[in-house]
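Position 1 is the first residue of the sequence, and the numbers go up from there. Each ligand, and each atom within it, is numbered from 1 in the order the structure gives.
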Amino acid sequence: MDGATNLNRYLSDAWHDAPHAFEVISPTTGEVVGAAADCGEAEARHAVDVAWRAFEHWRTVNPFERAATLRRWHGLIMADQDGLGRLMAQEMGKPVREGRGEAAYSAGFVEWYAEEAKRVYGTWFPSHAGHKRLLAMKQPVGPAYAVTPWNFPAAMITRKAAPALAAGCPMIVKPAEQAPFTALRLAELWLEAGGPPGTLQVLPASDPVPVTRVMMADPRIRKVSFTGSTEVGKLLYRQAADTVKRLSLELGGHAPYLVFDDADLERAVAEVTACKFRNAGQTCVCTNRIYVQTGIYDAFLERFSAAVAALVPGDPLDDRTDIGPLVDAAGLEKVVRHVDDAVAKGATVTTGGRATGGLHYAPTVLTGVTDDMALMVEETFGPVAPVLSFEHEEEAIARANATPYGLAAYLYTRDLTRAIRVSEALEYGIVGVNDGVPAAPYAPFGGVKQSGIGREGGPWGIEEYLEVKYVSLNLS
Ligand code: SIN
């Protein structure tokens with residue numbers, strides 16, 4: 001495996017050999033990428049002790065020094081963009097071009113929070129009593145635990161770890177079992193940047209339950225951040241109640257894309273394609289339902305199907321590849337089930353619609369889709385784009401909002417008034433107007449309804465790792 005020095009090791013206060021290991025299988029070749037340390041309850045208990053000790057020190061480190069360490073980490077991640085991109089391609093099948101982009105995106109969070117570390121401002125505020133002076137100061141919440149997904153194995157770690165570390169909170173990461181090596185490489189770079197031992201720990205595990213059980217039960221873990229399914233998010237939400245932990249949840253989505261008659265067709269096709277087929281459709285904010293107004297429906301469908309048919313599937317390590325494999329057999333089975341169910345209920349395939357060997361599925365466009373089909377209810381998490389039509393704005397908004405999810409929604413229009421009106425009406429945490437890829441390190445990312453709580457990114461992201469302490473000074 002390229003650049004992997006972390007076979008069978010995990011990072012706690014130092015690098016440790018694990019008593020057990022699990023194999024990470026390449027979704028492209030089916031071969032073993034490497035053996036990853038398999039952490040359990042014992043490693044988790046040790047990690048909490050280490051994090052607590054690290055907190056006592058890290059919280060007192062001058063924020064300018066914390067910022068400098070983060071800046072060095074940013075530089076090292078940028079210098080290893082290609083290595084990280086290749087690691088992602090190998091362990092979870094992201095095309096290497098996208099992987100390099102993700103490495104830069106992940107470094108962007110580190111750079112942003114290096115700056116924010118110096119801007120954790122408190123507030124002096126007035127009192128009705130002349131002899132009092134009142135202060136609201138911000139302090140780190142304490143050791144944090146992050147459970148991160150495989151689909152963005154680098155960026156979803158730095159999106160959580162960078163604000164935590166900037167705020168003065170050590171972080172323990174349990175990376176997805178499909179992509180532990182990217183996480184370990186990031187941790188290695190953190191140490192190289194001068195990050196003190198114990199401030200960032202990475203505990204891979206084939207089964208997330210034992211490690212997570214320890215973290216959720218220990219009152220010293222003050223904050224949990226999770227990106228993953230709504231089902232698991234609800235479980236963690238309940239478990240966090242026992243020790244009243246702060247919680248951020250970035251859960252599932254079912255993103256609608258509304259394309260209005262006045263849209264610039266070529267640009268709308270390009271944005272919808274980028275939005276849908278990023279990471280082979282395995283992104284929480286990928287559109288799952290494309291609603292096109294009847295006036296441009298046929299023209300859109302023709303151009304969109306052609307654009308999708310032109311996407312290049314292949315080996316994720318090849319720079320020409322646009323679409324890699326699904327991450328695992330379960331991911332492929334879901335895609336197959338959704339397309340088969342849609343076709344059995346009357347949908348038509350305009351391009352793709354078949355598995356193409358190994359874990360690959362051809363980029364697919366479907367028409368004749370109805371609300372009773374599985375793919376209109378569940379998140380497909382694959383390269384499948386259902387295209388539906390609508391008549392009126394009110395109808396489009398109602399259909400877009402008719403879901404328990406509320407992560408991201410998109411619209412394409414040249415009418416500014418409509419853009420604002422529809423953005424306001426959509427019950428989503430993120431709205432992309434003429435923009436299929438709105439996420440950025442300095443922007444708030446998160447959902448409403450059953451898509452989660454809390455925001456990551458920008459100034460909002462660091463607040464999740466800060467407590468407000470009120471100090472009242474009686475000067476009399
Ligand atoms: C996700 O939705 O899984 C993350 C996508 C992003 O940050 O753009």
Checklist line | Check: Arg246 side chain, Glu464 main-chain N or O, donor-acceptor pair, under 3.5 Å | finding: yes

Notebook entry, point to check: Just wondering, are more than 12 heavy atoms of other shown residues or ligands nearer than 6.0 Å to OH in Tyr105?
Noted result: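 Enclosed.
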
Should the proximity of [X] to ligand 1, defined as any heavy atom under 4.0 Å, be assigned to the side chain, the backbone, both, or neither?
{"X": "Glu102", "value": "neither"}
{"X": "Val437", "value": "neither"}
{"X": "Ala439", "value": "side chain"}

Contact atoms of ligand 1, heavy-atom distance to [X] under 4.0 Å:
{"X": "Arg278", "result": "5 (C), 6 (C), 8 (O)"}
{"X": "Arg159", "result": "6 (C), 7 (O)"}
{"X": "Tyr105", "result": "6 (C), 7 (O), 8 (O)"}
{"X": "Val285", "result": "2 (O), 5 (C)"}
{"X": "Met156", "result": "4 (C), 7 (O)"}
{"X": "Phe445", "result": "2 (O), 4 (C), 6 (C), 7 (O)"}
{"X": "Cys284", "result": "1 (C), 2 (O), 3 (O)"}
{"X": "Phe152", "result": "1 (C), 3 (O), 4 (C), 5 (C)"}

Note to self: Quick check: Glu250 and ligand 1, any N/O pair under 3.5 Å apart?
What the structure shows: no

Notebook entry, point to check: With side chains defined as the heavy atoms from C-beta onward, is the minimum distance between Leu200 and Leu191 less than 4.5 Å?
Noted result: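 No, every pair of side-chain atoms sits at 4.5 Å or beyond.
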
Margin query: Tell me whether the NZ or CZ atom of Lys94 lies within the 45° cone about the ring axis of Phe152 and under 6.0 Å from its centre.
Written below: yes

Notebook entry, point to check: Does the side chain of His254 come under 3.5 Å of the side chain of Thr403 through a donor N or O and an acceptor N or O?
Noted result: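 Side-chain D/A pair, His254 to Thr403: absent.
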
Check: Does Arg72 pair with Glu192 as a salt bridge, N-O distance under 4.0 Å?
Finding: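 Salt bridge between Arg72 and Glu192, a charged N being under 4.0 Å from a carboxylate O: no.
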
Checklist line | Check: Phe381 ring centroid to Trp150 ring centroid under 6.0 Å | finding: yes

Notebook entry, point to check: Quick check, are the ring centers of Phe260 and Phe390 under 6.0 angstrom apart?
Noted result: yes

